[in-house]
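Here is how names work: the chains are called A, B, and so on, in the same order as the sequence lines, proteins then strands, and each is numbered from 1. Just so it is clear, the model here is predicted, and its values are computed rather than measured.
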Amino acid sequence: ADDRSSIKIGYAVSKSGGNATGAGITTIPNYELWVKDVNAAGGLELPDGSRLPLEVIEYDDRSQTEEVVRAIQRLGAKDKVDFILPPWGTGFNLAVAPLMDKFGYPHLAVTAVTDKAPEFAKRWNKSFWFLGGGVDYAEALSEVLSAAQEEGQINNKVAMISVADGFGIDLVNAARPALEDKGFDLAYDVTYPLGTSDFAAIVNDAKNSGADSFIAFSYPPGTFGVTKQAQVAGYNPKVFYTGVGGAFPVFKKISGGQQEGVMGIGGVQSDSKAIQAYFAHHTEEIGNPPDSWASAVTYSSLQMLQEAIRRVGLDRDAVAKELSTGEFDTIMGKVKLEDNQLRTLWWAGQWQGDNFSAIAPAGGTGTVAPVIPKPAWK
Amino acid sequence: MMLDIRNLSIRYGAHLALDNATLNTRKGETLAILGANGAGKSSLLKAIAGIVPAAPGSSVKLDGEELLGLQPHEIVERGVIAVPEGRGVFGAMSVEENLLLGANPKRARQGELTRKSEVYDLFPRLAERRAQLVQTMSGGEQQMVAMGRALMSRPDLLLLDEPSLGLAPIVIGQMFKTLKRIKDAGLSILMVEQNVSASLKLADRGYLVEAGRIVGTGTASELKSNDAVQRAFLGGPAAPALS
Amino acid sequence: MLISTLMFGLVLGGTYALVALGLSMQYGISRIMNLAHGEFMIAAAFCAYVLFDFAGLSPLVTLLIAPLIGFGLSWLIYTVMMHPLVKRAANRGQLEADSILATFGLLFILQGIMLVVFGSDFTSYSYLNIPIDIFGVTIAVSRVVAFGLSLFLGLVLYVLITRSRWGATLRAVALSPASAPLVGIQVDKVARQAFAIGGALAASGGVLVSMFVTFSATGGVVFTMKALIVVIMGGVGNLLGALIAGLALGVIETFVTSYFDPGLSLASTYLLFIIVLLWRPQGLFGSVRS
Amino acid sequence: MTRTVLFAIAILAGLAILALAPAFLGEYGLGFMVSLMSYVTLATAWAMFSGPTRYISLATVAFFGIGAYTVAVFNETLPYPFVLIVAISIGALLATFVGFATLRLAGVYFVIFSFGLAELVRQLITWFEVNITGTLGRYIFLPFETRHIYWQLLALAAVTIGIGFWIRQTRLGLALKVIGDDELVAAHSGIALARTKVLLFVLSASLMTLAGAIQSPRWVYIEPAIVFNPTISFLTVIMALLGGATRLWGPALGVIPLMILFEWLSASFPDHFSIFLGAMFILIVFLLPKGVLSAVETRLARLKREANA
Amino acid sequence: MTALLKLADVSKRFDGLVAVNQMKFDIKKGEIVGLLGPNGSGKTTLINLISGALSPSQGSICINGKNIAGKRADQIARAGVARTFQLVRILPSMTVLENARVPAAFGAKAHRGSEIDRIALTHLKKVGLGDKADMMPGELTYIDQKRLELARALAAEPEVLLLDEWLAGLNPSELQDGIALIKELQSTGLTILLVEHIMEAVRALCPRCVVMNAGTLIADGPTNEVLANPDVVAAYLGDEYDA
Ligand SMILES: Nc1ncnc2c1ncn2[C@@H]1O[C@H](COP(=O)(O)OP(=O)(O)OP(=O)(O)O)[C@@H](O)[C@H]1O
Ligand SMILES: Nc1ncnc2c1ncn2[C@@H]1O[C@H](COP(=O)(O)OP(=O)(O)OP(=O)(O)O)[C@@H](O)[C@H]1O
Ligand SMILES: [Mg+2]
Ligand SMILES: [Mg+2]
């Protein structure tokens, strides 16, 4: 912090192309919000108490891996930014991981769901993995279902559909043994291709399977398609679980205001003051509320970065070390990474009232009890 | 006077295909344009029909109104119908549809059905093949379609580019008879034809084109007995006895 | 089971046909392979969404307005952008290449504008997402409406194009634009008309689809591709062909989903498409000819 | 003769300079060169078949993706050179099959067929992975730095252009041109249509497959949706058309300005990239109707004429 | 002397239509035979069958005793059959010379290197296009395009040449040149099957004619006899034709 007048932050995200929707909901608004917040406070605070404003360099990776790789090379080698924020998506985070490592940037891989996170955290020791792996979500869900079954709320049949991409398959591969372990019978279990737009036949078959629990390890817009189709078909399983998108604010509109009781991946501690403030702040600044899964995690990761810099300065090795070992106050509460991974995460949530509240891990901080059965669609 | 062409020049890039041609037809007259290959005959017809642009300074007037600068479809609406080289039929459509389209110009809507049956009388082959796709027909049959379609447009002036090309002798005979009938009905015809003897039999007057210039004109009988025409067009060295 | 599969398939196929009709006109008649077709649909979908969400206007009302805008806009685009290309093109191949490039550019512009205006979020609203029982099968009314309309539009246009004189001029322009002027057809005007009608169809398709599909600014390509496949399968410019091909795709997809494996549903459509092309290289029903 | 020698020397010198690029280009510049070489290979290989025959193929990414995917599947079990051989074999096999299957298709039917093919391959691989192997998403951990990948791609691009040059010298090139003009005439002149077309298609596809295989280690994580991204096919077509698909150097010359344009736009207008890109495209179509190469040539010819005058 | 080209029971059906029906005739080496018939009688179809553009529904077509029926066009071309097209087909993006180079490189002899250029130029000169070698074929007149097509067929150095109305569209004096050109070709030992509607040319060139009507052979023999045959007159020549 000698003669510099700002801190350069760079990132490359999908602003166009197929990934723009995902990035546009979870990643970009939070980056913008954070930069705004920091600069409004006079800049990023350094150990000596001085503040330097953030200067942002952003690129559009156009949803192409090669582009995101190149953009990171550009940020690291040409723009020589001080810190690089991660791109959106599992694949993209993995694609940039070796480069981030090579350039020595701490890599806060937030929107990456992978069971190999422990391995990766070792391979690239400045990488941090925030969103767990398929096994975590699948096991948490099977816990929820198993508890409900023990209560006699649902039968032991499950209808499960999954989208044929890395995310859906990771989850379904983990869910099968987890559910069977708990004595569930997979009455219907199919995988549909990415890009499927019509779920009439699938929902119909799921309905006919006699299962009380319906699980869709889906991606938007599939998540929305399944929901609408379930409403049309009058499909009212006692548990209705969807994948990505179920926790998006737009889900309320998509379900025609009938989101109550719908479960999904993610969830937040909706009674936490910090989270409520964050939601309000986000809505005010960005124009719409954040999603209730990875948005808060994204913002928290940025808060961690900010705090680490405040503690140790701009030295990237030191920041990485601090992120790895320190404890941080974030909107998600106190956060401490374990082996460079965020493990204190909410794995499943449910729409209760206006909030998508965390319901798993059972008994974890801020989780609420699931409401089963879900009220029928009107 | 019906068609009045003055100083018509046509350029393809640097190449002057037609050089200051001046010619005219009277109403009901049939003109034959004679000339060697590449002389510029087809280009002349195309310019009248508006398919190729004329060089500045040219003028083509129909009943006193300038045609140059009009779009081809506007020229069609004035009754000038062309059957260009290569015929321009709608290959992927049926015979019937080609004729229907022939009657597309507004001027041709009236009396469409009678004209169609006239055309079918004229070319019974077409009547047999109403529904056949034109592209699957023989070359001669396609020529009939083109002629039939032009007649459907109720032309005042027909521009024919080598109408007998590829037709069997029996059909050529019939066609010239038909053209005679068309002519007698009062239509004007401007015809490029290599079958010189047949065309001079039909035509009232003719023009000789050579290398883009009009080098001679005369009545059909004058041309028939003209030495140069004899040599060039009526059999050349094979028929010197005629001169 | 069989009945329900068939019904689901037909209704889905109706959507495919709907998506394809506009492109069939634009590509089949005007010879413009409009890669921005899907973006047009998305724009219409946003239009329906905004009017519904903020002005409470029923999409069925929008369905009367949007096609007019689509028509006008496409008219303009043809005049300003496509016409010079058409005039310049020495042959069909040249025009094809040029129009692919130009409409690819248009695609990005439209997508970019929508990204700026509407953001990248998924957008959806529910209208007529209410069940109706047909032959004991429960289907969303919105989809039935879309199905009915695509059937209606497809058939009406088909009849017009194959039976009327106006249709014959359209086909003449499609088949041999060089010969059309000989029979007094103003090629430029007809091609513009067809392109504009294609735009109107795309707009109505977009409005209808918006009632039951979640869309986003970047999602147009999916529609374009489906449309292209349907158009080609049915025969370029052949609206009845497009209708039947669309329905066939929907039915096959649903049958594979129900009786075989949903994982192969999309593969099966491509497979069907490829088999059809190999079997009948000019599409199921040939091109524009009757 | 001396001209040919000079030309050969110039080419070799150019290659040598390019090969030394890692020494003076930073990581960023090198990354840019990797993309550049990759697209030069793809566009040149594309034009090898599609230029003369005028069959616009959107199957580029089918082969590119197969290359990448093969590396993802075998990189842990086979030595790298063998992986490349496997990739090229699979690509060539598919191309042979597709080549023969599509012989009867022309024009836009071929265009959409080739697009459908890419999607079909992607769907089938996905299905296979989901149902048979149960892994979707594979990892490539090969010890390659950017410069290693760059050198491989540079060599591949050079080979591709070399093959293009060689074809032009042979009867094969002439045969292709005739096929592009009129297949019937070609056949009646004694050209074996099927064999010629398939041969070229396979050659072109094999090069594309290799490009994908070589580039893939850059992405670490491979999923069908990532490697079968249709954008790659579209960009390849556009670059080749922009440069001039019927010329040897055309496609390469189309790649360079577009890559620079992309780079500039995505840095200068990250939020409006699409709009500017689209506008640029339309401008290009209108201003350079015959491609960059011929525009450059006309300009040069005019300069020469003015100099002489 | 055995037949160079021998057709036995050759038929071709299109959907319902029998375009060629059990055609049967032989052509000896060096012979020049006229193939006549009304429009749509199947002449072009027969040419297509012999040259491999279409494959026969039944029958055999032998060249030098080898059956080529059903072989691909390129195989037949390499077996020594060359053809022209009724509607000219040039290769528009290649120069005149390149057009002619193609068969020299791929035809029966498959020449290499500079030999290709030599052969191509020789044949261009032969048809009178020697000075237009560097033009684009689109700039040629229709007739010159036909010349180019002939040159292209000749550059394949075939044994059998199939001419589909190659003389159509020539004016009378050009016709004489054309006839002389074909005579010259024949004198080099080329075997020619010639489809033509111009009787003058047929008489001048072909000692023997084969006549088709509706796909069927109706006459085969010396030209004078054939043209006097009442069936031929009725179907093809018409009363007007003053033989
Ligand atoms: N589109 C064109 N581009 C360039 N030159 C052309 C074009 N069309 C014709 N020409 C040239 O113009 C001249 C006249 O051509 P035109 O077709 O009018 O001759 P024509 O008298 O009809 O000959 P033919 O009897 O062979 O049909 C020829 O030299 C020809 O090469
Ligand atoms: N591909 C096809 N499909 C259907 N019918 C066809 C096809 N090709 C030719 N025919 C028909 O076969 C018959 C013979 O046609 P062909 O072209 O051989 O006649 P031709 O004797 O060459 O006539 P012309 O002297 O007019 O050129 C015609 O009636 C034609 O309509
Ligand atoms: Mg002419
Ligand atoms: Mg014929």
Side-chain angles (χ1 to χ4, degrees), chain B residues 45-46 48-52 70-109 112 131-136 142 145-155 158-161, chain C residues 24 27-29 31 79 83 86-92 158-194 234-241 280-290:
Chain B
L45 293 200
K46 285 184 200 161
I48 300 173
I51 300 167
V52 300
L70 294 185
Q71 295 285 310
H73 68 96
E74 293 169 312
I75 295 175
V76 166
E77 286 294 352
R78 296 183 190 212
V80 179
I81 313 292
V83 179
E85 47 185 6
R87 303 192 187 96
V89 290
F90 300 110
M93 296 168 96
S94 68
V95 172
E96 181 90 12
E97 285 175 319
N98 268 269
L99 297 186
L100 171 86
L101 280 168
N104 177 63
K106 285 185 204 68
R107 67 194 322 275
R109 300 285 166 86
E112 181 183 339
Q132 187 172 355
L133 291 193
V134 171
Q135 69 197 8
T136 67
Q142 294 191 20
V145 173
M147 285 281 292
R149 194 185 69 188
L151 293 178
M152 290 298 294
S153 302
R154 203 163 72 78
L158 258 185
L159 308 175
L160 303 179
D161 200 347
Chain C
S24 190
Y27 183 60
I29 314 286
R31 299 174 300 143
T79 312
H83 185 229
V86 174
K87 245 168 86 181
R88 175 177 98 185
N91 54 47
R92 189 157 188 153
Y158 173 73
V159 169
L160 274 179
I161 283 180
T162 52
R163 301 279 182 270
S164 75
R165 184 191 301 279
W166 172 75
T169 60
L170 282 188
R171 284 186 298 136
V173 168
L175 295 167
S176 6
S179 307
L182 297 174
V183 294
I185 296 173
Q186 198 179 346
V187 175
D188 175 36
K189 187 175 115 194
V190 171
R192 190 182 310 137
Q193 270 175 6
V236 169
N238 186 333
L239 292 168
L240 189 64
R280 300 210 46 153
Q282 299 299 306
L284 270 180
F285 308 97
S287 51
V288 247
R289 67 190 186 78
S290 42

Heavy-atom cut-off 4.5 Å, strictly under: side chain, backbone, both or neither for [X] against chain C?
{"X": "B:Val83", "result": "neither"}
{"X": "B:Arg107", "result": "neither"}
{"X": "B:Ile51", "result": "side chain"}
{"X": "B:Ala49", "result": "neither"}

How many angstroms lie between OG in C:Ser176 and CD in B:Gln135, if you round to the nearest 0.5 Å? 9.0 Å
Please find the pair of heavy atoms, one from B:Leu101 and one from C:Ala172, that lie closest to each other, and give the distance. CD1-CB, 3.5 Å
For B:Met93 and C:Leu175 the tightest heavy-atom approach is CG-CD1, 3.2 Å
Would you say that B:Val76 contacts C:Leu182 through its side chain, given a criterion of any heavy-atom pair below 4.5 Å between the two side chains? no
Check: C:Arg165 side chain, B:Ala103 main-chain N or O, donor-acceptor pair, under 3.5 Å: yes
For side-chain contact (heavy atoms from CB on, under 4.5 Å), just list the numbers for B:Gln71 and C:Gln186, CA-CA rounded to whole Å, side-chain angles, deciding distance to a tenth of an Å, and then say yes or no. CA-CA 8 Å; B:Gln71 295 285 310; C:Gln186 198 179 346; 5.5 Å; no
Please look at C:Ala168 and chain B and tell me whether the side chain, the backbone, both or neither of the residue comes under 4.5 angstrom of a heavy atom of that chain. both
